[in-house]
Amino acid sequence: MRNKNLKSAKRAKRDEFYTQLRDIENELRHYKSHFRNKVVYCNCDDPKVSNFFHYFSYNFEELGLKKLITTCYKNRNVDIFSLHKEPERAAYIEYTGDKNDNRRPDAEEIEVKYLKGNGDFRSRECIELLKTADIIVTNPPFSKFREYMAQLIKYDKEFLIVGQQNAITYKEVFPLIKENKVWLGMGSLKEFAIPSYYPLTSKSYRVEEDGTRIIKANGVKWFTNLSHSRRNEELILTKKYTPDEFPHYDNYDAIEVSKVKDIPKNWGGVYGCSYYFPRQV
């Protein structure tokens, strides 16, 4: 299976799966109205390799952002644009937009500051930065998804983050979906870049011309609490209830509906149905 690499990495606590720029662009185009005059925080991102940093810094003016902040863990190379000489030291950067009208982030426009701790999203320093932000956008560690989601909810943040589809079933996450506090984004993610030292447990990968290793993955989604056009899309129902087609459960007063499109329009009771994932765009 294509997600075998993700599962193995999760067990081994190897969480460096870099989101592809095209996936970020495809998803973020649905949320542009949310970002005007907002502070965006990417708190699981090495800006040297992060496509989230790339996207927001190069689209800063178009989105009308107020500020972009990124933090990265201390064992990553944060020596972006050769701005400092201690790559093993945890740091964060702030970007407040283009100053020389060339419409791109230059080294002199990016402020690098050091952290006292290791840059973990759970650290006190990173939480203080989180409090200053309006919207959190990143690909958090899959192995820490429960903790990460809980933190966003605790501090009442808007967010758009990447996670495995089966996170929906987590006891910490499903109630949030049920309570209308979290929902799926518009698209899916099929590929990630990984470090060269990661072991691969399947052949579902390729190496690009620059040496970047790309793995394929199934069941990776966007999780968000930002509204989008498909969020309140009306579901058109055409089926009618019949006892033969929609049998009752033996142990619960509800009927079985195998697909969302088959929900009977004239049934007013409880029914069981597979979760609906928006089609990939």
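Remember, predicted model here, so these are calculated numbers, not experimental data.
For D253, the CG atom counts as loosely surrounded, since its 6.0 Å shell holds 12 or fewer non-hydrogen atoms of other residues, nucleotides or ligands. The neighbour count for N102 CG, taken as heavy atoms of other residues, nucleotides or ligands under 6.0 Å away, is above 12. Residue D250 qualifies as open at atom CG: its count of foreign heavy atoms under 6.0 Å is 12 or below.
Salt-bridge formation is detected for the pair R206/E191: a Lys NZ or Arg NE/NH1/NH2 atom is positioned less than 4.0 Å from an Asp or Glu carboxylate oxygen. Salt-bridge annotation for E111 and K113: present, with a side-chain N of the basic residue lying under 4.0 Å from a carboxylate O of the acidic one. Between R104 and D106 there is a salt bridge, since at least one side-chain N of the basic residue sits less than 4.0 Å from a carboxylate O of the acidic one. A salt bridge does not link K48 with D46: none of the charged nitrogens is closer than 4.0 Å to a carboxylate oxygen. Checked for salt-bridge contact, R146 and E172 meet the test: a charged N lies under 4.0 Å from a carboxylate O.
The CD1 atom of I194 sits 10.5 Å away from the OG1 atom of T212 when rounded to the nearest 0.5 Å. The distance from atom CZ of R22 to atom NZ of K190, rounded to the nearest 0.5 Å, is 12.5 Å. One finds the NZ atom of K265 at 7.0 Å from the OG1 atom of T238 (value rounded to the nearest 0.5 Å). Rounded to the nearest 0.5 angstrom, S229 OG and H30 NE2 are separated by 6.5 Å. For the atom pair CD of E125 and NZ of K116, the computed distance is 7.0 Å after rounding to the nearest 0.5 Å. Between the OH atom of Y155 and the CG atom of L130 there is a distance of 7.5 Å, given to the nearest 0.5 Å.
Using a 4.5 Å cut-off between side-chain heavy atoms of Ile, Leu, Val, Met, Phe, Trp and Tyr, with links allowed through other members, Y58 and I24 fall into different hydrophobic clusters.
Using a 3.5 Å distance cut-off with no hydrogens or angles, the side chains of T19 and N139 do pair a donor with an acceptor. At a cut-off of 3.5 Å, with distance as the only test, no side-chain donor of D244 or T242 sits close to an acceptor on the other residue. Side-chain atoms of Y249 and E256 form a donor-acceptor pair, as typed in the model, at a separation below 3.5 Å. Between the side chains of S188 and K221, at least one donor N or O sits under 3.5 Å from an acceptor N or O. Between the side chains of T138 and D45, a donor-acceptor pair is found at a separation under 3.5 Å.
Under a 3.5 Å cut-off, the side chain of E61 and the backbone N or O of D98 do form a donor-acceptor pair. Using modelled atom types, one side-chain atom of W183 and one backbone atom of L226 make a donor-acceptor pair closer than 3.5 Å.
Taking the six-membered ring for Trp and the full ring otherwise, the centers of F159 and F223 sit at least 6.0 Å from each other. A ring-centre distance under 6.0 Å is found for F60 and Y95. Here the two rings, on F56 and F35, have centers that are under 6.0 Å apart.
Residues K240 and E245 form no side-chain contact, since every pair of their non-hydrogen atoms from C-beta on lies 4.5 Å or further apart. Using a 4.5 Å heavy-atom cutoff, the side chains of F121 and Y148 are in contact.
Y241 and W267 have tilted rings, their planes meeting at an angle from 30° to 60° on a 0 to 90° scale. Taking the six-membered ring for Trp and thresholds of 30 and 60 degrees, H34 and Y31 have ring planes inclined between 30 and 60 degrees apart.
Shown here for K131 and K157, the closest heavy-atom pair between the two residues is O-NZ, 3.1 Å. The minimum heavy-atom distance linking G117 with A90 is given by the pair O-CB, 3.2 Å.
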Test N43 against L129 for side-chain contact (heavy atoms from CB on, under 4.5 Å), laying out the working first. CA-CA 9 Å; N43 57 350; L129 289 172; over 6 Å; no

